[in-house]
Number of protein chains: 2
Amino acid sequence: MNTAASSRPSGTGVQAASKAAGAPPSASRAPAFSPLYQQIKALISQSLQAGEWKSGNAIPSETELAARFQVSQGTVRKAIDELATENLLIRRQGKGTFVATHTEQQVQYRFLRLFPEQGDLGSQGPAQRQIVDCRRARASAQVARKLQLRTGDAVLQIQRVLSYADVPTILEDIWLPAGPFKGLDIGRLQAYPGPMYALFESEFGMRMVRAQEEIRAVLGDEEECKLLQTGPYVPLLSVERIAFTYNDMPMELRHGLYRTDRHHYRNELG
Amino acid sequence: MNTAASSRPSGTGVQAASKAAGAPPSASRAPAFSPLYQQIKALISQSLQAGEWKSGNAIPSETELAARFQVSQGTVRKAIDELATENLLIRRQGKGTFVATHTEQQVQYRFLRLFPEQGDLGSQGPAQRQIVDCRRARASAQVARKLQLRTGDAVLQIQRVLSYADVPTILEDIWLPAGPFKGLDIGRLQAYPGPMYALFESEFGMRMVRAQEEIRAVLGDEEECKLLQTGPYVPLLSVERIAFTYNDMPMELRHGLYRTDRHHYRNELG
DNA sequence: CAGTGGTCTAGACCACTGG
DNA sequence: CAGTGGTCTAGACCACTGC
C-alpha cells in the first residue's frame, strides 16, 4: 500500500488500504506503489467480472462511482479511461459508459483480421457459418497446456467452416474447457445467428477480452483442402489463437486455416 | 475554432485561434470542435516533424511547454500522453520526455513480429543482415500507388536476406522513394550495423512511425527458395508492409517472405 | 537537493444526448 | 432541460532521477 491519498486536505478520505483489493497490509518488502486510480480500476474490473453490470448496459456515472469509492471524479475518470482503452468499457458522450459487448458491429473485426482482397468489408456480405462438428473430448497435453488445464480434462471441440460469397475460406478447430460451457452443443451453435463470441457472452457469461495469435504458412492436408474445396498443395495461413477472458485467463484455443487467394490478414503496427 | 479556452478566469489567455494550426477563421460551416490539447498536440507534432528536437533527446519539460503555449500543465500533459501512446514520444519519470528512436532495443520488435518457435528472443541472438542488391529503378504502377508517387518516379530497390543462427529466414524486397533517401547505396547499407529504420532515422532524418501489413500464404518461386535455401514448394508467409512517417505519409514499401518452420508471426489482438 | 514526470483534488464550463 | 462524458485550470503533493 501507499500514501497516495494522504494528501487529501480533510479526513473525509477513505483509508487507502480499504480500497486496495488484496493489497498487503504493509507487507514485508516491496509494497510496489500502486496509484489510487489503479485500485479503482481493479475494483471496477472486479465488478465487471462479477457481472454486477450486464453486457451492453451502462455502468454508474463517473459522479456516482466517485461517491461510492470516495475519490474525486478525475480519479474515477482515469480508471475508466484505461478500461476503455483496453476495450472493456465503451464511453459515449452524453449517454454514459457501457460494458463492452461482442454483439456490436464494430467489434466484429477486432478478432477476425481477414479482409477481402479488394473492395471494402461490406462488399462481400457477412460470413456464412457452417458447424461441421461439436463433440466432447479429452484435452491433449498441448491443448491442456495452452488452456491451463490438466491433460485429459474434458473439453469441447468444435469444427466449423466460414464462407464468403459461398466460397469456403476459413476452417476452424476450436477447443473450449467443458466446465464453463456446459450445455453447449451443435444444436445451440447452429441456432445462434451471430458471432460465436457473442454467443459465449450472452449464453455463458464468458467475455473474451483479448487474444494472441501465432501465424504460420502451411500446406493443407487432404481433409483440410477438401473442406475448403481447394486443390491439394494450396498454401494456407495457419492461425493459432488463444483468447483470454478477465484476469488473463485463457478460455479458448482456436486453430484456423485461412485461404488467402481472395483475402488477406491485415495488421496494424503502431 | 471554438471557445474551449474561454472559461479561463482572467484575460491572460492566448487567443484560441492563435494556437490552432491552420484553423479556419470561422469557416463557412462545420468548425469541427477541436479541444485545446489536440491543438497543442498538433503543435508538438509539428516541432517533431520539423526536427526541432533530435531523435533520442529530451523535449522541453511540461512546465516549459505549458508556458510556451500559454496553457496549463495538465493540457500539455494530455497532449504528450497521446503522443506517447502513439510512440512518438517516450516518457521517463524523473528524467523527462524524449523523442522516440528506432535505436532503442525495445523498439526492435515493434515492426518485426517474427519470433523463434521456442525459447525467448535472446536465445538465437540478433539477425544477420545480408544485402543482396540495391539499385535505382522506376516505380511500377503498383509501387507508385502504394508510395503515393507517380508511375516511373525514381525509387531505390533493395533486396536483403535476414538469417538467424545462420539459417536464412527472411527475404525482403524494399522500395523507397529516391528523393528523401538520396545518397543511399549498398555500401552504406552494408556499413551500417543496426536496424534499417535506425539508419533511415540517423542518416536521413526519416522516422517510421507506424505501418500496415497484409499477410498471405504463398509458395516461394525458384529464385526465392534458392535465396532462402529451402526446397521447392515450401509455403512461406508473404508480408507486404507500408511504413508511414509523420502525417501518414507512406515512405517505404516492403515485401517480405518469411520461413515459418522455425519461427512464427505473433500478433496481439487487444 | 532541485528538476522531472505522476497522482489527486476541486471546481468551472463545454459538448452531446434524450426526454 | 437535466444528466452524461469531455475539457481546462490551479495548486498540492508524491515518486523517481541524478547531481
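Just so it is clear: chains get the letters A, B, ... in the order the sequence lines come, proteins before strands, and each one is counted from 1. Since we're looking at a predicted model, the values are computed, not measured.
In this model, the phosphate group of C:dT7 is approached by a side-chain N or O of A:K78 to a distance below 4.0 Å at OP1 or OP2.
One can place CG of B:L36 at 12 Å from P of C:dA15, the figure rounded to the nearest angstrom. The distance between atom CG of B:D81 and atom C1' of D:dT7, rounded to the nearest whole Å, is 14 Å. The separation between A:Q70 atom CD and C:dA10 atom P is 10 Å, rounded to whole Å. Put simply, CD on A:E82 is 17 Å from P on D:dG5, counting in whole angstrom units. When rounded to the nearest whole Å, the span between CD of A:Q73 and P of D:dG5 equals 8 Å. As rounded to whole Å, 16 Å separates atom P of C:dT4 from atom CG of B:L89. With rounding to whole Å, A:L65 atom CG is found 12 Å from D:dG5 atom C1'. Taking atom CZ of residue A:F33 and atom P of nucleotide C:dG6, one finds them 11 Å apart after rounding to whole Å.
Remark: aromatic rings of A:H102 and A:F111 are close, center separation under 6.0 Å.
If you check D:dG18, C:dC8, C:dG6 against the side chain of B:K95, the one that comes closest is D:dG18. Relative to the side chain of A:S61, the nucleotides C:dC8, D:dT7, D:dG5 differ in distance, and D:dG5 lies closest. Ranking D:dG5, C:dT7, D:dT9 by closeness to the B:V71 side chain, first place goes to D:dT9. Across D:dC8, C:dT4, C:dA10, the shortest atom-to-atom separation from the side chain of B:E64 is found for C:dT4.
Mapping A:T75 and B:T97 onto DNA chain C via the closest heavy atom, the residue that lands nearer the 5' end is B:T97. Positionally, the nearest nucleotide of DNA chain C for A:Y37 lies more toward the 5' end than for the other of A:Q93 and A:Y37.
Within the 4.0 angstrom heavy-atom criterion, no nucleotide atom of any strand lies near A:T63. Contacts of A:R92 with the nucleic acid, taken as non-hydrogen atoms under 4.0 Å apart, involve only primed sugar atoms and P, OP1 or OP2.
Taking the six-membered ring where tryptophan is involved, the planes of A:Y164 and A:H263 are tilted, since the angle between them lies from 30° to 60°.
Checking B:D81 against B:Y37 by side-chain atom types alone, no donor-acceptor pair falls below 3.5 Å. With hydrogens and angles left out, the side-chain atoms of A:Y265 and A:E213 include a donor and acceptor closer than 3.5 Å.
Look at C:dC16: its Watson-Crick or wobble partner, with both distances under 3.5 angstrom, is D:dG3. With a 3.5 Å ceiling on both atom-pair distances, the Watson-Crick or G-U wobble partner of C:dC8 is D:dG11.
B:R92 contributes no side-chain N or O that, together with a main-chain N or O of B:F98, makes up a donor-acceptor pair within less than 3.5 Å.
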